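Note that the structure is predicted; figures quoted are calculated from it, not measured. Heads up: numbering here begins at 1 and tracks the sequence.
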Amino acid sequence: QVQLVESGGGLVQAGGSPRLSCAASGRPLGRYRMGWFRQAPGKDREFAAAINISGETTYYADSVKGRFTISRDNAKNTVYLQMNSLKPEDTAVYYCAAQSSGYYSSSSNAYDYWGQGTQVTVSS
């Protein structure tokens with residue numbers, strides 16, 4: 001089983017450009033399709049971005065498309081989420097997730113493994 005650990009979150013100001021990282025251990029990250037989700041207090045967990053195993057294909061929610069970029073470095077067992085032009089409404093716990101089989105989905109139910117999440121708080 002793969003273990004996932006997110007990092008890079010914290011308190012940032014509006015307009016900032018932090019980069020989140022998701023480090024995998026236990027099994028090579030290159031065996032999984034990867035995704036990023038986020039959850040704000042009182043709201044459902046929502047899809048943000050996904051990337052296929054090779055990194056050739058990416059998917060984005062409309063709310064982040066054009067501002068966020070997902071990428072991966074299989075040699076480093078790491079997936080990234082570059083976040084640009086942050087807004088207060090981007091405040092959430094951000095989760096890294098791995099999918100071992102099947103087609104990509106915007107539903108969290110399609111993903112098999114999850115990190116503990118990292119808090120991103122955007123101040124005005």
Side-chain angles (χ1 to χ4, degrees):
Q1 180 174 321
V2 64
Q3 291 82 47
L4 305 172
V5 179
E6 302 94 337
S7 62
L11 178 62
V12 298
Q13 61 185 25
S17 301
R19 186 178 71 167
L20 305 184
S21 297
C22 173
S25 61
R27 296 184 67 84
L29 192 74
R31 298 184 180 182
Y32 301 92
R33 306 172 184 88
M34 301 299 298
W36 285 96
F37 291 76
R38 64 184 186 178
Q39 186 169 26
K43 296 184 178 181
D44 294 333
R45 188 172 300 183
E46 67 174 359
F47 170 79
I51 190 168
N52 71 348
I53 291 176
S54 67
E56 297 175 347
T57 306
T58 57
Y59 309 85
Y60 297 96
D62 289 341
S63 59
V64 307
K65 193 171 186 177
R67 297 190 299 123
F68 293 5
T69 302
I70 186 172
S71 62
R72 68 191 300 161
D73 188 337
N74 290 339
K76 295 182 179 294
N77 288 313
T78 304
V79 172
Y80 305 96
L81 185 67
Q82 178 64 58
M83 309 166 70
N84 297 322
S85 301
L86 279 182
K87 308 172 183 178
E89 50 263 45
D90 293 318
T91 295
V93 177
Y94 284 74
Y95 296 91
C96 176
Q99 181 185 20
S100 57
S101 63
Y103 296 106
Y104 265 118
S105 173
S106 61
S107 173
S108 61
N109 293 332
Y111 292 79
D112 304 301
Y113 307 102
W114 295 82
Q116 293 298 305
T118 184
Q119 176 72 47
V120 176
T121 302
V122 184
S123 61
S124 301

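For the atom pair OG (S7) and CD (Q116), the distance works out to 13.5 Å, reported to the nearest 0.5 Å. A distance of 10.0 Å separates CG of L86 from CD of Q13, quoted to the nearest 0.5 Å.
Taking all atoms of both residues into account, the shortest heavy-atom contact from S124 to A14 is CA-CB, 4.4 Å. S54 and E56 make their closest contact through OG-CG, 3.1 Å (heavy atoms, listed as atom of the first residue, atom of the second, distance). Here the closest non-hydrogen pair linking S100 and D112 is OG-OD2, 2.6 Å. Shortest non-hydrogen contact noted between A110 and S105 is CB-CB, 3.6 Å. Smallest separation of non-hydrogen atoms from I53 and G30: CG2-O, 2.8 Å. L81 approaches A49 most closely through the heavy-atom pair CD1-CB, 4.2 Å.
For Q3, the CD atom counts as densely surrounded, since its 6.0 Å shell holds more than 12 non-hydrogen atoms of other residues, nucleotides or ligands. Atom CD of Q119 sits in a crowded spot, with more than 12 heavy atoms from other residues, nucleotides or ligands closer than 6.0 Å.
One N or O on the side chain of E6 and one on the backbone of G117 form a donor-acceptor pair closer than 3.5 Å. Here the side chain of T78 pairs no donor or acceptor atom with the backbone of A23 at under 3.5 angstrom. The closest donor-acceptor contact from the side chain of Q1 to the backbone of G26 lies at 3.5 Å or more, if one exists at all. A distance-only check finds no donor-acceptor pair linking the side chain of Y32 to the backbone of A97 [under 3.5 Å]. For the pair R72 (side chain) and G55 (backbone), a donor-acceptor distance under 3.5 Å is absent. Side chain of N77 to backbone of S25: no donor-acceptor contact under 3.5 angstrom is found.
Residues L29 and L4 form a side-chain contact, since some pair of their non-hydrogen atoms from C-beta on lies under 4.5 Å apart. With contacts defined as side-chain heavy-atom distances shorter than 4.5 Å, the pair S108/W114 qualifies. By the 4.5 Å heavy-atom criterion applied to side chains, I70 and Y59 are not counted as neighbours.
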L20 vs Y95, side chain to side chain contact (heavy atoms under 4.5 Å, CB included): CA-CA, chis, key distance, verdict: CA-CA 10 Å; L20 305 184; Y95 296 91; over 6 Å; no
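Remark: R19 engages no residue in a salt bridge (Lys or Arg N to Asp or Glu O under 4.0 Å) (not counting sequence neighbours).
Among residues at least two apart or in separate chains, disulfide bond (SG atoms under 2.5 Å apart) pairs with a member in residues 17-117 are C22-C96.
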Could you list the donor-acceptor pairs under 3.5 angstrom formed between side-chain atoms of residues 34-48 and any protein atom two or more places apart in sequence or on another chain?
from: W36; atom 1: NE1; to: Y80; atom 2: O; distance (Å): 3.4
from: R38; atom 1: NE; to: E46; atom 2: OE2; distance (Å): 2.7
from: R38; atom 1: NH1; to: D90; atom 2: OD1; distance (Å): 2.9
from: R38; atom 1: NH1; to: Y94; atom 2: OH; distance (Å): 2.9
from: R38; atom 1: NH2; to: E46; atom 2: OE2; distance (Å): 3.3
from: Q39; atom 1: NE2; to: K43; atom 2: O; distance (Å): 3.1

